[in-house]
Amino acid sequence: MNMTSFLQDKRLTIALKGEIDHHSAKDTMRIIGNKIDIYLPMVCVLDFRDVTFMDSSGIAIVIHAIRRMRELRGVVRVENVPPQPMKVLKASGMERVVVIEERSMAHEV
């Protein structure tokens, strides 16, 4: 699991890349938590555009980010979610607790 991030106007975007599974989840949660603690954003965007596979560990990552952001009175958005990770998120009911945006066809170039 690779990730890049940038901060602009109190909006922290973290772009995840690769597979999200139990092997990568713990480190990913730690890194995301550290970035939130350092930048203190009002919005944390988890960009799933380059996530090729996700199991239920991805749900734990999103929940962890939500909890950290609630401490700051901020919000999490999950954006550009490909079909396979979207199935996992929808099966868990995550759309009831976080804004989730599917990857649009405009990104499929």
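Computed from a predicted structure; not experimentally measured.
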Handout entry: Flag, side chain of S57 to backbone of H22, donor-acceptor distance under 3.5 Å
Key = yes
Completion exercise
dist S5:OG -> N34:CG (nearest 0.5 Å) comes out at 11.0 Å
Handout entry: Stepwise side chain to side chain contact (heavy atoms under 4.5 Å, CB included) check, F6 with L12
Key = CA-CA 6 Å; F6 65 91; L12 174 63; over 6 Å; no
Practice task
Look at the side-chain heavy atoms of Ile, Leu, Val, Met, Phe, Trp and Tyr, link any pair under 4.5 Å apart, and say whether V75 and L89 land in one connected group.
Solution key: no
Exercise for the section: Rounded to the nearest 0.5 Å, what's the gap from NZ on K26 to CD1 on I31? Could you check? Expected result: 13.0 Å
Exercise for the section: Enter the distance from R73:CZ to M42:CE here, rounded to the nearest 0.5 Å. Expected result: 9.5 Å
Practice task
Taking the side chain as every heavy atom from C-beta outward, state whether V51 and E19 have any pair of such atoms under 4.5 Å apart.
Solution key: no
Exercise for the section: Compare all side-chain heavy atoms of V45 with those of V43 and state whether any distance is below 4.5 angstrom. Expected result: yes
Exercise for the section: Would you confirm whether D47, through its side chain, and R49, through its main-chain N or O, come within 3.5 Å as a donor-acceptor pair? Expected result: yes
Handout entry: Close side-chain approach of F53 to Q84, heavy-atom, < 4.5 Å
Key = yes
Problem - Residues E102 and K90 bridged, charged N to O under 4.0 Å - result: yes
Problem - N-O pairing of E95 and R77 below 4.0 Å - result: no
Handout entry: Residues L16, M54; criterion side chain to side chain contact (heavy atoms under 4.5 Å, CB included); working and verdict
Key = CA-CA 11 Å; L16 305 169; M54 183 178 96; over 6 Å; no
Practice task
For I59 and M94, run side chain to side chain contact (heavy atoms under 4.5 Å, CB included): C-alpha distance rounded to whole Å, both residues' side-chain angles, the deciding distance at 0.1 Å, then the answer.
Solution key: CA-CA 8 Å; I59 296 163; M94 287 300 294; 3.8 Å; yes
Fill in the blank from the handout: Interatomic distance, CD1@I100 vs CG@L46, rounded to 0.5 Å, equals 10.5 Å
Exercise for the section: Mark yes or no for whether D21, through its side chain, and S24, through its backbone, hold a donor-acceptor pair below 3.5 Å. Expected result: yes
Exercise for the section: Kindly indicate whether the side chain of V81, heavy atoms from C-beta on, has any atom under 4.5 Å from the side chain of V78. Expected result: yes
Handout entry: Side-chain heavy atoms of M3 within contact of T28, under 4.5 Å
Key = yes
Handout entry: With R70 via side-chain hydrogen bond (donor to acceptor under 3.5 Å, both in side chains) - residues at least two apart
Key = none
Exercise for the section: Kindly indicate whether the side chain of R11, heavy atoms from C-beta on, has any atom under 4.5 Å from the side chain of P41. Expected result: no
Practice task
Using the side chain to side chain contact (heavy atoms under 4.5 Å, CB included) rule, take C44 and I36 through it: C-alpha gap first, then chi angles, then the decisive distance, then the call.
Solution key: CA-CA 8 Å; C44 178; I36 290 170; 4.2 Å; yes
Practice task
Taking all heavy atoms of I32 and all of A65, pick out the closest pair and write down the distance.
Solution key: CG2-CB, 4.2 Å
Practice task
Look only at the side chain of K10 and the backbone of L40, and say whether a donor-acceptor pair between them is shorter than 3.5 Å.
Solution key: yes
Problem - Any I66 side-chain heavy atom under 4.5 Å of V97 side chain - result: yes
Exercise for the section: Side-chain contact test, heavy atoms from C-beta onward, threshold under 4.5 Å: evaluate it for F48 versus I14 and give yes or no. Expected result: no
Exercise for the section: Kindly work out whether a path of hydrophobic side-chain contacts (I/L/V/M/F/W/Y, heavy atoms less than 4.5 Å apart) joins I63 to V99. Expected result: no
